[in-house]
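Hydrogens, waters and symmetry mates play no part in the numbers below; they use all other heavy atoms, side chains included.
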2 protein chains.
Amino acid sequence: MTDPDLSRRIRDAGGRVTTARLAVLRCLADADEPLTPDEVLEHLGRNSDHVPDRVTIYRAIDWLAVHGLVRRLATVGRAARYEPVEDKEAHAHFQCRRCAQTRCLPAPTPPLPPLPPGYAAERVELVIHGLCAACRTGDTP
Amino acid sequence: MTDPDLSRRIRDAGGRVTTARLAVLRCLADADEPLTPDEVLEHLGRNSDHVPDRVTIYRAIDWLAVHGLVRRLATVGRAARYEPVEDKEAHAHFQCRRCAQTRCLPAPTPPLPPLPPGYAAERVELVIHGLCAACRTGDTP
DNA sequence: GTCTTTTTGCCATTTTATTGCATTTTTAAC
DNA sequence: GTTAAAAATGCAATAAAATGGCAAAAAGAC
């Protein structure tokens with residue numbers, strides 16, 4: 001997705017198109033797996049001249065999440081992970097229990113289980129727990 | 001499940017049956033939803049005379065998790081949540097995006113999506129994101 | 001009860017995230 | 001392009017969740 005596209009998405013969401021927001025969204029869109037705020041910061045450090053403050057990254061991500069451009073995943077690890085909200089959705093995530101790596105998997109949309117009365121479902125997420133290839137061969141599981 | 005049962009599970013896992021481990025396991029087994037370490041601490045404070053230190057709770061939970069008596073869930077909130085590993089498994093979890101309440105739902109076991117080569121799946125978790133009844137009627141979504 | 005090993009409690013520290021406020025940037029109006 | 005209002009940023013401080021080190025205490029074997 002091109003920068004003008006991303007800018008437009010931010011503007012359409014009712015916010016100002018700032019360097020930080022654009023850079024964060026760009027970063028998440030380019031990444032092939034969900035990133036933590038710190039990973040975003042690190043990526044930006046490698047690919048940009050001006051690196052926003054850590055707090056700004058947090059706030060930018062939060063803004064993007066609240067406005068539906070980005071999504072926070074359910075994680076087993078300590079840090080939150082975010083991925084861009086794209087058109088083609090419905091994919092699961094694999095999470096390695098050793099290295100906390102998280103990657104996207106193709107997956108059928110699971111059916112929504114019955115909810116208690118009054119509850120409203122907004123999204124179904126499928127998380128596969130296990131060991132990634134590196135951690136499985138590396139050392140003690 | 002009775003205390004002797006729980007003690008036996010701990011002993012069978014190769015650990016000492018300590019007050020803290022037993023209390024934590026008891027607490028998680030009695031709760032009808034997954035709890036955070038702090039919630040466990042709070043429950044124990046209400047139901048016991050001697051309350052273990054917070055760090056002890058963390059370590060007890062961790063030991064139980066490593067030895068398969070308890071399971072850490074994927075969460076959207078900051079704190080980890082744990083539930084006992086029981087016989088009847090295969091259930092999904094609902095997480096409210098406002099109050100972070102987490103509760104168990106009956107659910108069919110979703111099929112395992114294809115994994116990249118070398119990856120090993122150990123568990124499939126289904127997370128339903130949304131609003132609980134209280135948060136939906138309470139105030140602004 | 002005594003001995004050995006494991007676990008606990010307490011303190012300090014780390015990791016991840018949030019808040020407050022002055023300064024800067026963005027945008028819309030001229 | 002200036003300019004003014006609103007929104008976003010940077011920095012320092014703080015909070016929340018979890019972890020590490022080590023002496024004291026408790027389990028379990030005898």
Counting primed atoms, P, OP1 and OP2 as sugar-phosphate and everything else as base, the B/S/- map of nucleotides 13-21 of chain D against protein heavy atoms under 4.0 Å is --BBBBBBB

Residues pairing under salt bridge (Lys or Arg N to Asp or Glu O under 4.0 Å) where one sits in residues 47-63 of chain A, two or more places apart or in two chains, turn out to be A/Asp38-A/Arg54

Bend of the helix from C/dG1-D/dC30 to C/dC30-D/dG1 from end-axis comparison, five pairs per end, nearest 10°, comes to 40°

With sequence neighbours left out, the residues meeting side chain to side chain contact (heavy atoms under 4.5 Å, CB included) with B/Leu22 are B/Asp3, B/Leu6, B/Ser7, B/Ile10, B/Val17

note: A/Trp63, atom CH2; D/dA7, atom C1'; distance rounded to Å ~ 11 Å

**Request:** For residues B/Phe94 and B/His129, determine if any side-chain heavy atom of one lies less than 4.5 Å from a side-chain heavy atom of the other.
**Result:** no

Practice problem: Specify whether B/His93 and B/His91 have parallel, tilted or perpendicular ring planes, treating 30° as the upper limit for parallel and 60° as the lower limit for perpendicular. | Solution: perpendicular

Students should find that the nucleotides of DNA chain C closing off the region near chain B, any atom under 4.0 angstrom from a heavy atom, are C/dT5 to C/dT18

With sugar-phosphate taken as primed atoms, P, OP1 and OP2 and all else as base, the protein-contact string of nucleotides 24-30 of chain D at under 4.0 Å (heavy atoms; B, S, -) is --BBS--

Heavy-atom nearest pair, A/Cys96 first then A/Leu131, reads SG-CA, 3.9 Å

For B/Val70 and B/Pro84 the tightest heavy-atom approach is CG2-CA, 4.1 Å

- So do A/Cys27 and A/Leu35 actually touch side chain to side chain, heavy atoms under 4.5 Å? yes

Scanning both residues in full, the closest heavy-atom pair of A/Gly14 with A/Trp63 reads C-CZ2, 4.3 Å

Q | Test item: side-chain donor near acceptor, A/Arg81 and A/Thr75, under 3.5 Å | A | no

When every non-hydrogen atom of A/Leu44 is compared with those of A/Val51, the smallest separation belongs to O-CG2, 4.1 Å

field: Salt bridge present between A/Arg26 and A/Asp30 (N-O < 4.0 angstrom)
entry: yes

_Basic-acidic side-chain contact under 4.0 Å: A/Arg72, A/Glu83_ = no

